[in-house]
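All remarks here apply to the structure that follows.
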Amino acid sequence: MYHFRELAKKLNLVDQLPGYSIAVRCDRILIDGLDFRLDVYGWPDNRVVFSDKTTGLNTIKQYGHTGAEQCRKTWFEMLNAIGVDTTAAEN
């Protein structure tokens, strides 16, 4: 996965997640809130990290340099689970 800045604009993350700290770089998007932390890393890792701060459970999915599509799917599923509308970025 790459082009995270464009993807964050399409999803309008700042407006969809008011009160959350959102950091967007070319190779990473970090969403940090009181209850959870969701982090996605691009190529070559193609990794999604979800931390539930209330239970202390962490989920890490790493797909490697050929797993961009799987990484995107997992990240979108997690975004949907926390209430983000991802239809603007789905092609």
Side-chain angles (χ1 to χ4, degrees):
M1 289 183 63
Y2 50 92
H3 301 298
F4 284 115
R5 287 191 173 111
E6 292 85 359
L7 188 56
K9 283 182 185 179
K10 280 185 183 180
L11 292 173
N12 202 9
L13 290 176
V14 174
D15 290 339
Q16 287 201 59
L17 296 169
Y20 288 84
S21 174
I22 301 171
V24 180
R25 296 193 319 219
C26 292
D27 62 342
R28 180 180 181 197
I29 295 179
L30 168 65
I31 301 169
D32 195 12
L34 294 174
D35 298 333
F36 68 87
R37 181 181 180 129
L38 178 59
D39 211 351
V40 62
Y41 300 85
W43 193 87
D45 294 331
N46 288 313
R47 178 176 57 196
V48 179
V49 179
F50 182 81
S51 301
D52 185 333
K53 294 180 179 181
T54 57
T55 64
L57 295 175
N58 298 313
T59 302
I60 300 170
K61 302 280 186 171
Q62 185 165 347
Y63 299 102
H65 68 279
T66 60
E69 196 55 42
Q70 293 169 312
C71 181
R72 180 182 174 98
K73 182 180 176 195
T74 300
W75 188 59
F76 274 41
E77 287 172 358
M78 290 185 176
L79 285 173
N80 286 325
I82 62 172
V84 173
D85 179 13
T86 59
T87 55
E90 293 174 356
N91 299 2

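Keep in mind that the numbers below use all heavy atoms, side chains included, and drop hydrogens, waters and symmetry copies. From a predicted model like this one, the values you see are computed outputs, not experimental measurements.
Partners of Phe36 under the ring pair (Phe, Tyr, Trp, His ring centres under 6.0 Å) rule, at least two apart in sequence or in another chain, are Tyr20, Phe50. Listed by chain and number, the residues in a salt bridge (charged side-chain N to carboxylate O under 4.0 Å, His left out) with Arg5 amount to none (sequence neighbours excluded). Residues satisfying the salt bridge (charged side-chain N to carboxylate O under 4.0 Å, His left out) test with Lys53, not counting sequence neighbours, are Asp32.
The distance from atom SG of Cys71 to atom NE2 of His65, rounded to the nearest 0.5 Å, is 14.0 Å. Once rounded to the nearest 0.5 Å, the distance linking NZ of Lys61 with CD of Glu77 reads 9.0 Å. To the nearest 0.5 angstrom, Thr74 atom OG1 is 12.0 Å from Gln62 atom CD. The CD1 atom of Ile60 sits 7.5 Å away from the OG atom of Ser51 when rounded to the nearest 0.5 Å. To the nearest 0.5 angstrom, Thr86 atom OG1 is 7.0 Å from Leu79 atom CG. Taken to the nearest 0.5 Å, the CG atom of Asp39 stands 6.0 Å off from the CZ atom of Arg37.
The shortest side-chain heavy-atom distance between Lys9 and Glu6 does not fall under the 4.5 Å cut-off. Between Leu17 and Ile31 the shortest side-chain heavy-atom distance falls below 4.5 Å. At least one side-chain heavy atom of Thr59 sits less than 4.5 Å from a side-chain heavy atom of Met78. Side-chain atoms of Asp15 and Leu13, non-hydrogen and from C-beta on, never get closer than 4.5 Å to each other. Contact of the Gln16 side chain with the Asp85 side chain is registered, since non-hydrogen atoms from C-beta on lie closer than 4.5 Å.
Looking at Asp52, its side chain never comes within 3.5 Å of a backbone N or O of Leu57 through a donor-acceptor pair. Side chain of Asp45 to main chain of Arg47: no donor-acceptor pair is present (N/O by atom type, distance under 3.5 Å, no hydrogens or angles).
Cluster membership check: Val40 does not share its hydrophobic cluster with Tyr63, using side-chain heavy-atom separations under 4.5 Å among Ile, Leu, Val, Met, Phe, Trp and Tyr.
Under the side-chain contact (heavy atoms from CB on, under 4.5 Å) test applied with Tyr41, the options Val49, Val48, Ile29, Leu30 reduce to a single match, Val49.
The heavy-atom pair separating Val24 from Phe4 by the smallest distance is CG1-O, 3.8 Å. Looking at every heavy atom in both residues, Ala88 comes nearest to Lys10 through CB-O, 3.4 Å.
In summary, the side chains of Thr54 and Asp35 do not present any donor paired with an acceptor at a separation below 3.5 Å, with no hydrogens or angles considered.
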